[in-house]
Structures are given as C-alpha cells and as structure tokens.
Amino acid sequence: MMGEFRVHHIRFFEYQPKAIHCIAYNKETEKLAVSRSDGTLELWSSRDHWFQEKVIPGVEGKSIEALCWQGERLFTAGLDGYITEFDLLRLQPKAIATSNAGPIWCLTSDPTGKFLAAGTEDGCVVIFDTENNTLESKKAFDKQESRILCIAWHSAGETIVTGGIDNIRLWSVRSGHAYQRLTLGRQEKNKETIVWCLAVTSDMTIVSGDSRGKTSFWNGEQGTLIKSFLSHKADVFCLCVDKTEMSVLSSGVDSTVVQFEYTSTQKDSDWKVWVKSLAHFRHTHDVRSLALANDHIVSGGVDTNLVVYRLQPGKKKVWRKLAPIPHRSMVQVARQAEMVILKYTDYLEVWRLGHTNKTSKTDGEILPLQSNPLKLVQLKNKSSEPIVCFAISSHGNMVAFSDQDSIRAYRLIIDNKELINPSVSIKKLKLETSESVQTAMPAHHMVVSSNGETLVTATVCGNVQVLCADNGYLKVDHTFQASQEPALSITMMCLCPNDELVAVGDNGRNVTIYDITKKQVVCRLPQYSCQVTAMAFTLCSKKMVAVYTDQMVYEFDIEEQEYSEWSKSNSTKFPSYWKRRHNKINHIFFHSQHPHKMFLHDEQTLYVLDKSKSFPTEEVKPSKKGLGKQDGDKKVSGKQDEDSGTHPLSICKKYKFILHMDSLRDDWLVTVERPPSAINDNLPSTLKTKKFGT
C-alpha cells in the first residue's frame with residue numbers, strides 16, 4: 001500500500017534547456033566540461049557515473065565557442081575576444097586575457113600544458129603563456145586573409161594546424177610562419193568551403209570536416225589528400241580521434257555520428273586504409289561537439305541532450321542519453337504556506353498553489369478548483385546577473401538568493417492569502433557590514449529555517465555560514481571553516497525539520513553534519529567511494545538518508561553516529577534493476593502521514609520505499625501505478641491506491657521530466673513537470689531530408 005494522495009500538478013514552469021556548444025574532457029580528473037548557448041558551463045564527473053557535479057551560470061551576451069583543459073585548469077574562449085580561466089571552487093572567472101585580434105573561434109593546448117593557441121576572426125594564431133599559473137598573451141603568428149575556425153597542436157609540439165575558408169594551414173610554432181597550405185575544392189564556384197573542425201594524429205595525418213559534408217584525411221608531411229568521404233548530408237561541425245588513433249568520429253548538421261576506422265584491406269595484409277564503419281542516429285538536431293572520454297564518446301548539440309556511447313571494439317555500440325534537466329532543482333516548496341518558488345535565469349517567481357475541497361475515489365479524476373494557482377510576486381535580480389542559488393522558508397515569509405557577487409534576502413508579507421487577490425508586500429533585509437561582524441559571502445547553496453529567521457549558506461570559498469535575520473538586518477552569526485585544504489566545492493545542502501542540523505555534501509565524497517544552534521560539527525558520514533546525489537533528514541531529525549551516484553541508499557543514525565539498523569539490513573539488498581539505473585536520484589522527501597515511507601525521484605520516475613517491509617529473497621518487480629490526477633497547467637488533484645504487496649519499493653512513471661516533487665499537509669503532494677514535448681516544441685527546425693514514401 002503506497003498510500004492515497006491528491007496531487008498539485010504544475011506545468012506552467014516554462015523551463016527551456018539551452019543548446020550544447022562545446023564539450024571538453026579531462027582524462028586526468030575524469031571531468032567533462034560542457035558549455036551551452038547562453039554561456040552556462042556544466043561540469044560532469046564520469047568517475048561518478050556521469051553525475052552533473054557543478055554548474056556555472058552564463059552571463060548574457062558572452063558566448064563560449066571553445067573549451068580547453070590544462071591539468072585541473074579550465075579555459076574558455078568566445079566572440080568577445082577574451083580567454084577566461086575559471087576558478088572551479090568559486091565557480092567564477094579567475095583570469096582573463098585578450099587576443100588583440102578580434103573574436104576567438106577555437107582554442108587548443110600544447111602537449112606540455114604550458115601554452116594555449118587561439119584562432120581568431122582576424123586570421124591570427126595567438127599564443128598564450130599559462131606556465132606557473134599565469135595567463136598572458138605571448139606572441140601572434142603571421143596574419144592570414146580570413147578567419148581561423150579550428151585549430152590543433154601536433155603532439156611533437158612544433159606544429160600547429162588551422163582550418164578556415166577553403167584551406168588548411170600548417171604553422172611552425174618557433175617561427176610563427178605557415179609552411180604548408182592544403183587547398184580544398186568547392187562544390188560551387190562562388191560558394192566557399194568552410195573547414196569547421198580538424199584533428200591531427202601523431203604521424204601527422206590531418207582529419208578535417210567541412211561545409212560540403214565531407215570528412216577528409218590528409219598526409220600532413222606531403223600536403224596531399226589521402227581519402228575523402230561524403231559522410232554527411234550537410235556541414236560537418238565536429239570530430240574526434242580515439243586514443244589509439246585508429247578510429248575517428250564526425251558529426252554535424254544532419255545529426256548523424258559517423259565512425260571511420262584505420263584497418264587492413266585484407267586479413268593478413270599490412271596495408272591499411274581509412275574506411276567508414278558505423279553510423280549512430282541518437283540526436284534529432286545539429287551535433288555541435290564530440291569528445292573522447294576514456295572508452296566513451298560524448299556528443300551534444302542543438303537538441304540539448306548529451307549522448308554517451310561506450311566504445312567496445314567488435315561489439316554493438318552501447319549508448320545512453322543524459323537528459324537536459326539540471327541536477328540541482330530550480331523549484332522549492334514552502335510546505336506550511338502552500339507556495340512554490342520557481343527559478344528562472346535572473347528572477348524568481350513565487351506562486352500560491354490552487355485549492356480544492358473535493359476528493360474522489362476514482363484514479364485519474366481531475367478535481368474542480370475553488371481557486372487557481374496565483375503568481376504572488378516576481379523577484380528580479382537588479383544587476384541582471386544570473387541567480388546561482390535560492391531558498392524559501394516553509395512558512396513562506398523569507399525568500400533569499402545569491403548571484404556571483406552577493407546575497408539578497410527579503411521578508412514576504414502576505415495578507416488575506418485565501419482571497420482571490422491577496423495583498424503582498426516585500427521588504428529587503430539589509431546585510432550588516434560593521435567591522436565587528438563577518439561579511440556575508442556569495443553562496444552556491446542555501447537553505448532557510450522554517451520560521452524564516454535563519455539562513456544557512458555554502459559560500460564560494462567552501463565554508464558554511466549561518467546568518468540570522470534581526471530587526472531588518474541579515475548578519476553572520478557563525479562561520480564553519482572548510483575542513484579540507486585546499487577547500488572542496490560544496491555540491492549540496494539540506495536542513496533538518498527542527499532547524500537545528502544542516503548536512504553538507506562536497507565533491508570530495510564527504511558528507512558533514514553541523515549543529516547550527518550549538519555551532520559545532522556533529523559528525524561526518526563514513527566516506528563513500530562515490531559522490532552523494534541527494535540527501536534528507538527524516539521527520540524526527542535524528543537520522544539522515546543519503547543516495548550516491550552508484551544508486552546505493554544509506555540511512556545514518558546521527559545520535560549513534562553509525563548506519564541505522566534498517567540500513568545495515570537493507571542497503572545492500574536493493575534489487576538489481578535499481579542498481580542498473582542510469583538516472584540519478586536528485587531529491588528525497590518524507591510525508592508526515594507516512595513516516596515509515598521514503599520518497600525518492602529522478603527526472604523520470606518517483607520511487608516510494610516502505611521501510612516497514614523487507615526486500616524479498618528472490619527478486620520481484622514492484623508495481624508501476626500512478627499517483628493522482630492532473631490537467632496540464634493547473635493544480636490538479638486525485639487519489640491513488642498503489643499496492644506493491646510485500647515488496648518495499650513502488651514505482652510511479654506518470655511524470656516526465658520531473659523538475660521537483662514534495663509533500664504538503666494531509667494527503668497532498670506537489671509535482672512540477674516539464675514534458676519533453678514542451679522542450680522539443682521550442683527547438684529550431686531540423687535539417688529536412690527526403691525519406692522513402694514522401
């Protein structure tokens with residue numbers, strides 16, 4: 001028996017993920033950097049089963065056209081003409097250098113990791129010195145007649161290869177002069193051929209992709225064309241070479257990922273040639289970037305999805321799609337006030353949920369509303385900077401958010417909330433800046449106590465700050481200093497129901513519990529082999545549940561400072577289909593009417609775990625039924641009786657994509673959904689191709 005619920009079903013949150021522009025993989029740290037069309041940067045950990053670890057919001061008008069790793073340092077370049085190094089702890093720009101040669105289209109690193117080379121709109125290759133933690137312009141090569149759109153640095157370090165309009169050039173790093181020019185043909189006399197992407201292997205084989213839809217292989221030593229394939233129906237935007245240099249993948253406007261292999265023409269022959277081997281059709285729109293990630297290939301583009309292919313020689317290619325839903329929720333629920341807050345790029349919306357007194361015994365019935373959902377207030381960041389994190393109190397009387405520069409907190413006063421048009425007033429809390437009080441720092445995560453009197457933040461330095469609201473001011477009451485040196489990035493935070501304890505997870509696989517009333521560290525959970533993806537305190541505030549990237553679920557007894565009896569008996573007994581799941585649990589919550597049940601969800605599915613039942617000795621599939629009724633954009637309600645028999649795990653696949661779910665009073669749940677069809681409807685049109693029968 002999973003329980004009976006009425007559901008507020010929200011579809012009016014118009015979240016729209018952005019197209020993927022660039023992908024770059026760091027094999028040393030096993031981190032994948034992804035940039036989107038609004039300048040947002042995402043960091044994914046392949047070691048943690050493709051977990052979205054961090055997000056750096058983009059700045060309006062600043063595109064990212066290229067990404068490049070050097071060790072643990074991440075550099076970006078864009079059409080503003082600057083190279084930027086990002087601080088991956090503070091999630092902010094760390095150093096900036098100008099090209100002095102116009103917008104930058106492409107970026108690459110030398111084999112030693114001491115220099116960067118950028119290709120610019122003005123036709124220059126500009127070298128930047130990054131040695132000794134610096135970033136400064138060193139020299140510029142000879143100027144060519146047109147823009148440089150792609151660039152690669154040969155593994156010997158003495159040659160740079162560039163591609164642009166109608167040509168590929170080979171440059172001497174030492175002299176800065178071009179010593180070889182490879183000319184591409186044109187399909188039409190007046191239509192130039194654009195080289196969009198290229199790579200160079202250790203034996204100086206140059207691979208290029210161009211606007212004719214061709215993937216070409218060149219002998220860089222002799223300057224001759226080895227072989228050219230009409231591999232795509234339109235422009236080839238990206239390609240990558242695997243670590244053996246025996247396999248190349250290319251893709252572009254037609255969304256097909258094509259693989260080429262360097263193989264023998266006959267069984268016992270030493271004579272090898274490049275041949276087209278496989279094609280993958282997993283994207284619906286232009287593919288903008290490809291990257292090699294150990295034994296995986298990662299692709300992304302206009303359809304906003306990351307697709308990961310596992311390379312298994314001689315076997316069928318295994319692939320999976322990473323949905324474009326941020327792991328960190330853009331929604332929070334004020335349970336006591338029955339309000340929901342939605343985060344857009346640079347503003348927040350606070351909504352009052354709809355209301356009905358009706359109930360029903362019919363599953364899926366839409367209940368009539370006494371009042372519709374109502375937008376109470378919109379809080380816009382005056383600086384127009386993107387909002388990094390936000391929080392609302394359970395009673396709805398405090399709303400706070402932070403951008404990269406500062407924290408802002410507001411008192412929300414709502415009179416006659418039950419009326420059709422209630423009176424709403426907002427009062428900003430001032431940050432106390434006296435010399436005797438610590439300064440409130442910008443934050444990456446925050447939570448607000450139920451009564452709205454205390455704000456707890458994870459700062460850009462990796463510390464935890466406790467701020468108190470007092471007489472119109474917000475002042476720092478205490479700071480828990482980062483325990484690691486150098487500090488680790490905090491990836492998530494949660495507050496217990498009685499507002500005394502706060503739990504913090506970081507990218508070092510640590511979970512620490514602080515007592516914010518006694519101002520002391522309570523305990524640390526045993527360090528696990530994976531990062532935590534979601535955590536929550538139980539209703540009694542004496543235990544905490546954590547879910548990790550390998551799908552393991554552990555309950556920790558805070559008083560005993562060890563795993564709970566339930567966890568010792570059940571954590572290792574989850575069925576195999578649970579452990580095989582790819583999607584990460586991103587939220588856990590509990591319901592006051594069902595204290596023995598744990599609610600967990602990812603972007604596709606809600607799971608309800610009944611702790612009063614044991615897992616069966618033989619694997620049995622749980623039931624898959626709905627929760628309630630919904631009617632599109634309005635608050636909806638309904639009943640559902642889901643019985644999983646003796647199995648402790650129940651599954652609801654009624655919603656997709658789930659942006660957030662939470663519980664309210666009585667038998668109510670809140671579900672915020674963004675259907676994939678709504679996202680796809682806002683994508684640009686695809687390349688039109690003739691199909692059989694049309």
Side-chain angles (χ1 to χ4, degrees), residues 18-26 28-29 31-44 52-110 113-122 124-140 147-151 153 288-289 291 300 345-346 383-388 402-406 442 444 460-461 486 489:
K18 302 297 182 182
I20 292 170
H21 264 194
C22 312
I23 302 172
Y25 186 71
N26 186 334
E28 298 169 20
T29 61
K31 296 286 195 295
L32 184 79
V34 177
S35 74
R36 295 189 181 264
S37 59
D38 61 350
T40 295
L41 270 175
E42 300 171 357
L43 293 178
W44 297 71
Q52 190 188 74
E53 191 178 283
K54 304 174 187 177
V55 177
I56 305 175
V59 177
E60 188 176 355
K62 289 195 71 172
S63 69
I64 293 176
E65 298 298 326
L67 291 170
C68 187
W69 288 97
Q70 278 190 347
E72 295 187 5
R73 301 171 71 187
L74 177 63
F75 298 89
T76 69
L79 300 184
D80 58 358
Y82 290 94
I83 289 181
T84 304
E85 179 184 359
F86 277 87
D87 185 324
L88 299 185
L89 168 63
R90 301 177 70 93
L91 305 184
Q92 295 175 356
K94 180 180 179 181
I96 298 176
T98 179
S99 71
N100 292 315
I104 299 173
W105 287 103
C106 49
L107 191 65
T108 190
S109 173
D110 80 314
K114 297 178 180 178
F115 300 99
L116 293 171
T120 70
E121 175 75 16
D122 292 354
C124 284
V125 174
V126 183
I127 304 297
F128 293 84
D129 188 345
T130 59
E131 196 172 7
N132 299 322
N133 218 30
T134 61
L135 176 60
E136 54 188 35
S137 179
K138 185 181 180 185
K139 68 174 182 178
R147 66 181 62 163
I148 294 173
L149 293 170
C150 50
I151 192 167
W153 206 314
R288 295 292 303 270
S289 191
T345 302
D346 60 351
S383 65
S384 294
E385 290 288 316
I387 293 172
V388 176
S402 178
D403 58 21
Q404 289 191 342
D405 298 322
S406 63
H444 291 159
V460 294
C461 297
S489 295

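Small disclaimer: the values here were computed from a predicted structure and weren't measured.
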For the CD atom of E42 and the NZ atom of K54, what is their distance to the nearest 0.5 Å? 13.5 Å

L67 versus A24, closest heavy-atom pair with distance: CB-CB, 3.7 Å

Side-chain touch V388/L91, heavy atoms, less than 4.5 angstrom: no

Which distance, rounded to the nearest 0.5 Å, do you find between the NZ of K18 and the OG1 of T40? 8.5 Å

Backbone N or O of E72 within a donor-acceptor pair of the T29 side chain at under 3.5 Å? no

Using every non-hydrogen atom in the two residues, find where A95 and L135 come nearest and quote the distance to one decimal. O-CD2, 3.8 Å

Which heavy atom in A118 sits nearest to a heavy atom in F128, and how many Å separate them? CB-CE1, 4.0 Å

Output the distance between atom CD (E28) and atom CH2 (W69), rounded to the nearest 0.5 Å. 10.0 Å

Just how far is it from atom CG of L89 to atom NZ of K94, taken to the nearest 0.5 Å? 10.0 Å

Can you check side-chain contact (heavy atoms from CB on, under 4.5 Å) on R73 and N133, steps first, answer last? CA-CA 9 Å; R73 301 171 71 187; N133 218 30; 3.6 Å; yes

To the nearest 0.5 Å, how far apart are SG in C22 and CG in L41? 9.0 Å

Without swapping roles, check the side chain of S63 against the backbone of E65 for a donor-acceptor pair under 3.5 Å. no

Distance in Å, Y25 OH paired with K31 NZ, rounded so as to fall on 0.5 Å steps: 9.0 Å

Would you say that I148 contacts C106 through its side chain, given a criterion of any heavy-atom pair below 4.5 Å between the two side chains? yes

Quick test of your reading of the model: are D80 and K62 salt-bridged, counting only N-O distances below 4.0 Å? yes

Closest non-hydrogen contact found for T108 with W153 is OG1-N, 3.9 Å

The side-chain contact (heavy atoms from CB on, under 4.5 Å) partners of V460 (sequence neighbours excluded) come to R90, Q92, M441, P442, H444

Smallest separation among heavy atoms of F75 and I83, with atom names: CD2-CG2, 4.2 Å

Donor-acceptor contact present, side-chain Q404 to main-chain P386, <3.5 Å: no

Answer whether the closest heavy-atom distance between the side chains of V126 and N100 falls below 4.5 Å. no

Measure from the side-chain N and O atoms of S99 to the backbone N and O of I104, and report whether any donor-acceptor pair falls under 3.5 Å. no

Donor-acceptor check, side chain of D38 to backbone of G58, threshold 3.5 angstrom: yes or no? no

Do R288 and I23 touch side chain to side chain, with heavy atoms closer than 4.5 Å? no

So, does S109 use its side chain to make a donor-acceptor pair with the main chain of L116 at under 3.5 Å? no

Close side-chain approach of W105 to T120, heavy-atom, < 4.5 Å: no

Identify the two heavy atoms, one from G113 and one from Q70, that lie closest to each other, and give their separation to 0.1 Å. O-OE1, 3.2 Å

Report yes if some heavy atom in the side chain of S383 is under 4.5 Å from a heavy atom in the side chain of D403; otherwise report no. yes

